[in-house]
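A quick write-up on the structure given underneath.
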Amino acid sequence: MNFLSRYLPRIDFDSYQDFKDNYRVIIPDNFNFGYDIIDEYARLEPSKPALLWLNDDGDEAEFTFGDVKEYSDRIANLLTGLGIGKGDRVMLILKQRPEVWFTLVALCKMGATSIPASFQLTEKDIIYRCDAANIKMIIAAEDENIIGHIRNSRDKCKTLKYVGLVGDDISERFGDEFLDMRRLTREASPNYERPTGDAACQNYDTMLMYFSSGTTGMPKMIAHNFLYPLGHITTAHYWQKVEDGGRHLTVSDSGWAKFAWGKIYGQWICGAVNVAYDTDKFVPAKLLAAIDHLKLTTFCAPPTIYRFLIKEDMSGCDFSTIHHCGTAGEPLNPEVVTRFREATGHTIYEGFGQTETTVLLANFGWDEIKVGSTGKPSPIYDIDIVDEDGNSCEDGIVGHIVIKNGGQHPVGLFMEYTGDSETMASSWKNGVYDTGDMAWRDSDGYFWFEGRGDDVIKCSGYRIGPFEVESALMTHPSVLECAVTAVPDPIRGQVVKATIVLVPSWRDKAGDELKKELQNHVKVTTAPYKYPRVVEFVTELPKTTSGKIRRAEIRKNDERK
């Protein structure tokens, strides 16, 4: 049993064009994911599996929808008793503990705003977020680093009233310093009454808020309303192909927007079992062992994960139970797609979107995949490619990816950059949202990602997208990861630079000879003028907490040299 038919007047489509023309979402009054999805499953089928959790130590736990309802009700009662209510903001630094699912649902039921955050935040990050968002409470996983940063920042956060820790025997070990969330949850009532009147949430109230990953400038507050989960039906059912009762694993920490994309909302609407692989550090061999053990139905991971997996021996991992693999976050290099398919037999279905959106572009499965393309537009968005003046670009011309929608607000699209009128004015013009990303569309309607607007390189009158050069480099056996950026040049304006992480077996060969070999490799793999005139070998690339490469940081470091 799943709830797709409650929100879609039509579920099956004959072609992509049929999907694009006729997909519709039924918008109910006062939709609340906690009551209308979780509690309804618990009422109709309480023993239906909802969550499968495991960690690197071999610990496992399974939870039904009846369990999720009970835990979320207990947490809602606990938080209400502390004075947390509608509109209050609570930051969650919970890694992938089961409590992150229960607490997100609890806060949704209460009408409070969840602010998921990465466990990699420092003292400075916590203070900035607490002050910017007027955060009233932090709920964090017990972790030495997290506890240290919270201790150092707590007195400097003006609006912060409570800090709760999720772990065993917190009261005994920390006394009154932190709230013992597990003990207090056990003691709370298992029945939470849905708020009514002014205390009830409305569709366009803020349910969820993310701080952007900060690839440029300070992180922005991205606000989503209570309809946001319905926007992820396209993400889960039509792109990730999750199945009712099937096990779905999206590789993501709970602090990333990819968690909302792949580990809770659309997946539970579709009746899938969310899989939590709770690990502090990504180790490719351990992930392969977990995949082999889990017997997954569907799988999704960011490109960084796939780039590392193809360098491992995947022959011992059983991929036969998996029906579909997907990726999003950054463009996936064609070489990675080819190598993964050779090793597993699976094609990777690419999607594209932002923290601000649900899936915007994807390979939905009706049409053939063009390797390197991000696919075609989701039916809930009117997507176009426009030039600097806002005019639609012809096929083949690189421009800005924008969402038009005739002044309507599509389900799944963020409401605002909270407290940032300058960014709102620059990204929203005449009802059109400019994503800040660049792409071009081919004559078959497929979109081809070029990069963030700031990442596109202008060399001697040519516009060079970093992705194409990175893809060429990735076909060389020495390259594990790479980032292509621009460096200033007095004659050409800018030239292409490649910052490269080598495969371990090649690292002792780093030098001028290998640089020349890589430059020549690019010249024969793509247009010769795109080759990197500057090559630098590094041990790692700067990345955001969500795993995206920080090309802006590479550019800034080059400017300081």
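Between Phe352 and Phe449, the ring center distance clears the sub-6.0 Å criterion. Aromatic rings from Trp366 and Phe19 are positioned such that their centres are separated by under 6.0 Å. If you look at Phe414 and Tyr210, their ring centroids are not closer than 6.0 Å. In this structure, Phe364 has its ring center no closer than 6.0 Å to that of Tyr349. Note: Trp268 and Phe65 meet the aromatic proximity criterion, with ring centroids under 6.0 Å apart.
Contact record, Ser212 with Arg129: O-NH2, 4.4 Å, taken as the closest heavy-atom pair.
Taking OG1 of Thr122 as the reference point, atom CD1 of Ile146 lies at 12.5 Å (rounded to 0.5 Å). One distance of note links OH of Tyr35 with OH of Tyr192; it measures 5.0 Å at 0.5 Å rounding.
Between Asp67 and Lys48 there is no salt bridge, since no side-chain nitrogen of the basic residue lies less than 4.0 Å from a carboxylate oxygen of the acidic one. Contact check on Lys109 versus Asp39 returns a salt bridge, with a Lys/Arg side-chain nitrogen under 4.0 Å from an Asp/Glu carboxylate oxygen.
With sequence neighbours excluded, the residues forming a ring pair (Phe, Tyr, Trp, His ring centres under 6.0 Å) with Phe33 are Tyr265, listed by chain and number. Partners of Arg24 by side chain to side chain contact (heavy atoms under 4.5 Å, CB included), not counting sequence neighbours, listed by chain and number: Pro9.
Phe340 pairs in a ring-ring contact (aromatic ring centres under 6.0 Å, His included) with only one of the listed residues (Phe308, Phe299, Tyr306), which is Tyr306.
A cation-pi arrangement is absent between Lys69 and Tyr41 under the rule of less than 6.0 angstrom and at most 45 degrees off the ring axis. In this structure, Arg74 is not positioned above the aromatic face of Tyr71 in the sense of NZ or CZ being under 6.0 Å from the six-membered ring centre and within 45° of the axis. Remark: Lys370 fails to qualify as a cation-pi partner of Trp440 under the 6.0 Å distance and 45° angle criteria applied to the six-membered ring.
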